[in-house]
Amino acid sequence: TNRARGRWAAAAVAICLFGTASGAAEWFVTPSAGGGGSQGSPCSLETALISAVDGDVLYLGEGTYTGDMSGNVALVSHSLSLLGGWDGAATGAPARDPAAHPSILDGEGVRRCIVVNTGLSVVLDGLAVQNGYVEGEGGGVYASGSNLTVQDCRFEGNYAFITGSTNAYGGGIRLINGNLAARDSLFLYNDAYCNGCSAPRGGGVSVSSQGSVVVDHCEFRGNDSWLGAALDIYSPGGGTLLIEDSLFLQNGQSTSVGVGYTGYAGGVYMTGVSATLTACVFQENEAANDGGAIRASGGGLTFSVDRCWFLDNEGYSAPGIQVLSGTLVLTNSVLARNRSGWFPQGAVNLLNNSEALLDHVTFSENRNQNGGYAVETEEESTASLENVIVAGHSAGLFASDTSTITADGVLWGTGAWANDAETGGSGTVTVGSTTVSGDPAFVDPANGDYRITAASAAVDHGIDSGVHHDIDGNPRPIGAAVDLGADEYAPPPVVTSILKKVNPFRFVVNGSNLQEGIRVYINGVEWSTLTRKSAVKVVLKGGAALKTALPKNTPATLRFVNPDGGEATLVWQWP
């Protein structure tokens with residue numbers, strides 16, 4: 001699901017009104033203006049940036065901004081907010097609509113787009129930053145020692161390139177020794193590449209800092225760099241990374257603006273940071289060497305991943321998640337169809353005395369033509385698994401040399417979902433007695449849906465490990481016990497009849513499993529005027545408004561959604 005793009009578009013379509021902090025000046029800008037900077041007499045971007053002081057707000061009107069006397073599109077030397085999408089109205093409260101009135105900062109393939117001077121706090125909101133180019137670091141944005149907030153922005157086709165032994169960093173954004181918050185933004189086809197250096201980093205974003213990095217509702221697509229095609233985070237110690245509700249799609253495939261390609265981590269490369277990833281999707285990312293989706297390293301630090309999907313990623317080794325000298329806590333996640341190169345490798349690969357705690361994880365078909373594993377431990381690493389589905393591998397759990405794996409609460413797939421072997425390797429693999437063999441009965445694996453159906457052998461066969469939600473955030477348990485794997489099966493509500501009543505006008509819905517808190521949607525719009533009488537009866541109310549929403553002799557789509565995630569949809573009309 002392209003959630004970041006949807007959020008960006010929704011934010012752009014809505015016309016937003018912004019106030020300013022007390023005492024802050026407002027500057028109004030258009031690409032070709034020569035006025036004084038008032039709303040009725042806009043100025044150029046260069047004039048506003050030179051004249052503004054800390055705390056001021058710049059409203060950028062529609063058009064393409066291509067350069068100033070600094071050799072960049074924009075040189076920011078004060079703590080400012082740059083707000084794109086201003087509609088250009090000469091009077092009234094400033095109105096913004098970035099979709100209707102795009103504000104584009106274009107480096108034209110020959111210059112950086114934005115440079116932020118040291119020690120500032122800068123907000124970029126509703127801007128398109130494209131075609132930036134630099135020989136070094138930060139083709140789209142370069143900042144050092146500053147706090148950078150990016151909101152509803154689009155970074156596309158930016159390029160950091162250099163020839164020689166010095167590395168290139170951050171095709172889209174490069175930040176050194178600061179804090180970054182990126183929300184509702186797109187990073188598309190950016191590249192960091194060097195000819196002669198060892199490790200260009202961060203095609204979309206590269207951060208070297210002990211500060212915090214927050215990525216929320218963003219999309220990274222088609223970016224390239226040797227370390228971290230989409231996102232590279234390095235901290236000498238103490239940095240933090242939070243990624244929520246974000247999509248990493250088709251990075252590391254050499255489709256970016258430059259000539260770069262990816263060696264390690266098609267999605268995220270992180271070193272020396274404590275990281276938390278929640279509700280993310282990593283799909284079709286590639287790395288020529290290790291870490292098709294993620295590569296994480298750093299002495300004793302913890303990497304927590306919850307409610308994430310890892311589908312169809314590829315790496316010569318470790319096609320999903322690779323951890324070196326750290327602790328991975330992985331819950332409520334799916335790793336399926338991730339492929340290594342010629343040799344079989346694990347979708348989760350642990351190296352250098354790493355540790356993993358895996359709970360309610362679904363592993364399926366992580367293999368190439370020569371095989372593949374769900375979990376692989378090497379170099380004295382350890383993994384502990386509970387409540388997992390392991391289906392369709394050459395060996396489900398593979399421990400090398402002195403490494404160990406312990407597991408309890410396992411569904412081993414059978415039939416078409418059988419593993420060639422359940423365990424393997426020269427290390428120690430210990431499997432507890434709370435295991436079951438059977439059909440996982442996934443909803444639609446051909447299209448990447450590895451949730452389970454009522455027929456799954458995973459239903460009610462888990463161990464209560466204290467994880468009381470599933471990959472969709474729905475509660476556990478539903479039924480006699482928790483289910484194995486990432487998904488908790490939620491039986492749907494059942495509707496057997498819908499009856500029209502009058503005086504007052506209403507509809508009575510009869511069925512079963514109509515739970516407290518059930519939500520009803522009529523043609524995609526939630527109908528909130530309802531009363532749940534019992535588990536078998538719900539009454540839709542609303543008089544004339546309801547009659548308008550459900551007109552006579554007109555088919556309507558009704559959707560019933562229980563709080564536990566079970567839902568039913570039907571098309572119905574009343575004669």
Side-chain angles (χ1 to χ4, degrees), residues 276-279 302-310 321 327-336 347-348 350 355-364 374-375 377 382-391 396-397 404-414 417 419 422-423 429-443 449-493 513 515-518 535 561-567:
T276 300
L277 282 69
T278 305
T302 298
F303 314 102
S304 298
V305 180
D306 182 47
R307 295 189 286 126
C308 291
W309 295 81
F310 298 85
I321 303 172
T327 297
L328 170 67
V329 179
L330 178 65
T331 54
N332 293 314
S333 295
V334 171
L335 292 94
V348 170
L350 306 175
E355 179 183 5
L357 306 173
L358 313 181
D359 200 348
H360 287 292
V361 181
T362 296
F363 296 95
S364 183
V375 178
T377 55
T382 63
S384 175
L385 291 78
E386 281 189 314
N387 299 312
V388 297
I389 296 174
V390 181
L397 308 178
T404 62
I405 299 175
T406 61
D408 201 7
V410 182
L411 169 61
W412 304 110
T414 60
W417 300 102
N419 305 287
E422 293 171 351
T423 64
V429 180
T430 304
V431 180
S433 59
T434 312
T435 60
V436 61
S437 296
D439 185 353
F442 297 124
V443 170
D449 191 346
Y450 288 85
R451 298 176 180 89
I452 57 175
T453 65
S456 176
V459 174
D460 292 345
H461 279 100
I463 304 166
D464 188 349
S465 58
V467 176
H468 294 148
H469 64 279
D470 74 352
I471 193 168
D472 298 311
N474 295 321
R476 296 184 191 270
I478 300 171
V482 298
D483 300 341
L484 298 171
D487 179 45
E488 185 79 3
Y489 173 71
N513 195 30
Q515 298 176 3
E516 182 71 38
I518 191 170
V561 182
N562 279 334
D564 64 14
E567 63 178 80

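The residues of the chain are indexed from 1 along the displayed sequence.
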- Message: Could you tell me if T331 and D359 have a donor-acceptor pair between their side chains, going purely by distance under 3.5 Å?
- Response: no
- Do you know the tightest heavy-atom contact between V436 and A457? CG1-O, 4.0 Å
- Query: Minimum heavy-atom separation for I518 to P493, with atom names?
  - Reply: CD1-CB, 4.4 Å
- Message: Does V482 form a side-chain contact (heavy atoms from CB on, under 4.5 Å) with H360? I'd like the steps, not just the answer.
- Response: CA-CA 9 Å; V482 298; H360 287 292; 4.0 Å; yes
- Message: Can a donor-acceptor pair be found, under 3.5 Å and without considering hydrogens, that links the side chain of N562 to the backbone of N513?
- Response: yes
- Rounded to the nearest 0.5 Å, how far apart are CD1 of I478 and CG of D483? 7.5 Å
- Task: State which residues pass side-chain contact (heavy atoms from CB on, under 4.5 Å) with A535; sequence neighbours excluded, sorted by chain then number.
- Result: R532
- Query: Sub-3.5 Å donor-acceptor pair from the side chain of T414 to the main-chain atoms of S437, do we have one?
  - Reply: no
- If every non-hydrogen atom of V361 is compared with every non-hydrogen atom of L335, which pair is closest and at what distance? CG1-CD1, 3.8 Å
- Query: Is there side-chain contact between L328 and V305, with at least one heavy-atom pair below 4.5 Å?
  - Reply: yes
- Any donor-acceptor N/O pair, T434 side chain to G409 backbone, under 3.5 Å: no
- D487, D470, D472 screened by side chain to side chain donor-acceptor pair (under 3.5 Å) with R451, the one that passes: D472
- Is V410 close to L385 at the side-chain level, that is, under 4.5 Å between some pair of heavy atoms? no
- Note on the structure: Rounded to the nearest 0.5 Å, the CZ atom of F363 sits from the CG atom of L397 at a distance of 8.0 Å
- Task: Decide side-chain contact (heavy atoms from CB on, under 4.5 Å) for D306 and H469; before the verdict, give the C-alpha distance in whole Å, the side-chain angles of both, and the deciding distance to 0.1 Å.
- Result: CA-CA 10 Å; D306 182 47; H469 64 279; 3.0 Å; yes
- Flag, side chain of N419 to backbone of V390, donor-acceptor distance under 3.5 Å: yes
- Query: Do the non-hydrogen side-chain atoms of H461 and L484 ever get within less than 4.5 Å of each other?
  - Reply: yes
- Task: Side-chain contact test, heavy atoms from C-beta onward, threshold under 4.5 Å: evaluate it for E422 versus T435 and give yes or no.
- Result: no
- Query: What's the shortest heavy-atom distance between S333 and A486, and which atoms?
  - Reply: O-CB, 3.4 Å
- dist N332:CG -> T362:OG1 (nearest 0.5 Å) comes out at 9.0 Å
- Distance, nearest 0.5 Å, that separates CD1 of I321 from CG of L330: 5.0 Å
- Query: Have N387 and R476 got a donor and an acceptor in their side chains that come within less than 3.5 Å?
  - Reply: no
- Query: So how far is it from I389 CD1 to I452 CD1, rounded to the nearest 0.5 Å?
  - Reply: 5.5 Å
- Note on the structure: When rounded to the nearest 0.5 Å, the distance separating OH of Y489 from OG of S456 is 10.5 Å
- Item | Candidate pair F442 and V334, rule side-chain contact (heavy atoms from CB on, under 4.5 Å), full reasoning | CA-CA 12 Å; F442 297 124; V334 171; over 6 Å; no
- Query: Are D564 and Q515 close enough, and set up right, to give a side-chain contact (heavy atoms from CB on, under 4.5 Å), and what steps lead you there?
  - Reply: CA-CA 9 Å; D564 64 14; Q515 298 176 3; 2.7 Å; yes
- Message: If you compare all heavy atoms of P475 against all heavy atoms of P563, which two are closest, and at what distance to 0.1 Å?
- Response: CD-O, 4.0 Å
- Might you point out which heavy atoms bring C308 and A279 nearest each other, and give the distance in Å? SG-N, 3.8 Å
